[in-house]
Amino acid sequence: MASASEDFMKLRSGYLFPEVARRIRAWQERNPGASVLRLSIGNTTEPITPHIAAAMREKVDQLTRRESYTGYGDEQGDTALREALSIHYREECGVELPSSAFFISDGAKSDAANIQSIFSHSSIPAVQDPAYPVYVDSNVAGGHTGGYDEESEGYSGIVLMDADASNAFIASPPKAHADIIYLCFPNNPTGAAATKSQLKAFVDYAHRENAVIIFDSAYSDYISTPGIPRSIYQIEGAEDCAIEIGSFSKNAGFTGVRLGWTIVPESLKADGEEPGLIHRLWNRRQCTFFNGASNIAQAGGIAALSPEGRRECMSLVGYYKENARLLLEGVGSCGLRCYGGIDSPYIWTECPDGMSSWDFFDLLLDRAHVAVTPGSGFGRCGEGFVRISAYGHREDIERAIASMKENL
Ligand code: PLP
């Protein structure tokens, strides 16, 4: 008899964003005709830019002709895209990574979820609290944790690294031992960006504990503060203890197109193993379970990394950063304490008067018709906060700010 996965069944109720969507739908049914100003999900809204769109159109044309048609590509990704990424890291981050270290994917989320599968079940994961939910949920579903414990508000067997106002939302390495450490900077949901010395502390920890860092750099192009690293490999020694996951979603607007990458250096070491094993296992995993990213998306990715493409991406990022600046100013002027929003599209906003995240979510929806994301959905340290997203058309962002100013 087939039986369902016990590990999947350990996962608690609805995933955060479907639950937000469910509550918004229920509110709309109660308030027919009223429209919701959405500052909730981190979904891009602005169109794909001309140079990048032209490259994808050209690829579609090639696919329509017998002489230029191509089917499956390499599971690791198009060589030209892997080389372009290697050059991009050299030119923009000053780090040397061979193109063979890059594995192209259909986005950062699936890689962030799948990477745990190449580590042993006994590997102890550590995540910042609050965190993008995929890190915790994939480790639960992958059998790396115990069940949910109501009292400690977390899954047993997972080390939580508290990120709160006392440490400016950047956790320190844990006191306890952990084997796989998930970091995301600029951070979703808090918008915090880590300095070199803060990241160095994690690299030192990883060396000391024989741990591996999984660094999610999906928002690296939002960094404008001088000196903030864009890649974990800007920290000395990271190439033998860190995997980095990147995405074209938030800079090229590929949330729907789907394209990302994961860097697994051959020099990476896992506890007691020779360098190269983790690289080989990820290669094996991709070749076995993945048939390569869309060739149309990859043509777009190559164009996004060209000088013209980079200009376009940074102009798109600039648009959302200006939204974030307006939100920081506008939400702040309502008397709410805000964090993040400078090197990030997210503004981490403290709920007023000690309200809970979901209570403030309901109040914002009822009074201002603005939807945000309750911080408690990202972990217990997110309680008492909401995440405000700068993804939206400028006029909608301005309407939401005006509504909050008028109704809060
Ligand atoms: N990583 C972080 C931290 C994110 O916030 C998101 C999306 O919101 C992703 C990854 C997903 O990226 P992708 O669209 O490439 O799957």
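These numbers come from the heavy atoms of this one structure, side chains and all, not from hydrogens, waters or symmetry mates. Counting starts at 1 for both ligands and their atoms, in listed order.
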Please determine if R285 forms a cation-pi arrangement with F290, meaning its NZ or CZ atom is less than 6.0 Å from the six-membered ring centre and no more than 45° off the ring axis.
no

Evaluate the salt bridge (charged side-chain N to carboxylate O under 4.0 Å, His left out) criterion for residues R380 and D162: first the C-alpha distance (whole Å), next the side-chain angles of each, then the deciding distance (0.1 Å), finally the verdict.
CA-CA 9 Å; R380 73 204 198 299; D162 290 357; 3.0 Å; yes

I'd like the contact residues of ligand 1, where contact means a heavy atom below 4.0 Å.
G107, A108, K109, Y132, Y135, C184, N188, D216, A218, Y219, S247, S249, K250, R258

Name the one of V370, V372, I401, I397 that satisfies side chain to side chain contact (heavy atoms under 4.5 Å, CB included) with L37?
V370

Taking the six-membered ring of Y222 as reference, does the cationic atom of R230 (NZ for Lys, CZ for Arg) lie under 6.0 Å from its centre and within 45° of its axis?
no

Within 45° of the six-membered ring axis of F102 and under 6.0 Å from that ring's centre, is NZ or CZ of R82 located there?
no

As an exercise, state the distance from CD of Q198 to CZ of F185, rounded to the nearest 0.5 Å.
7.0 Å

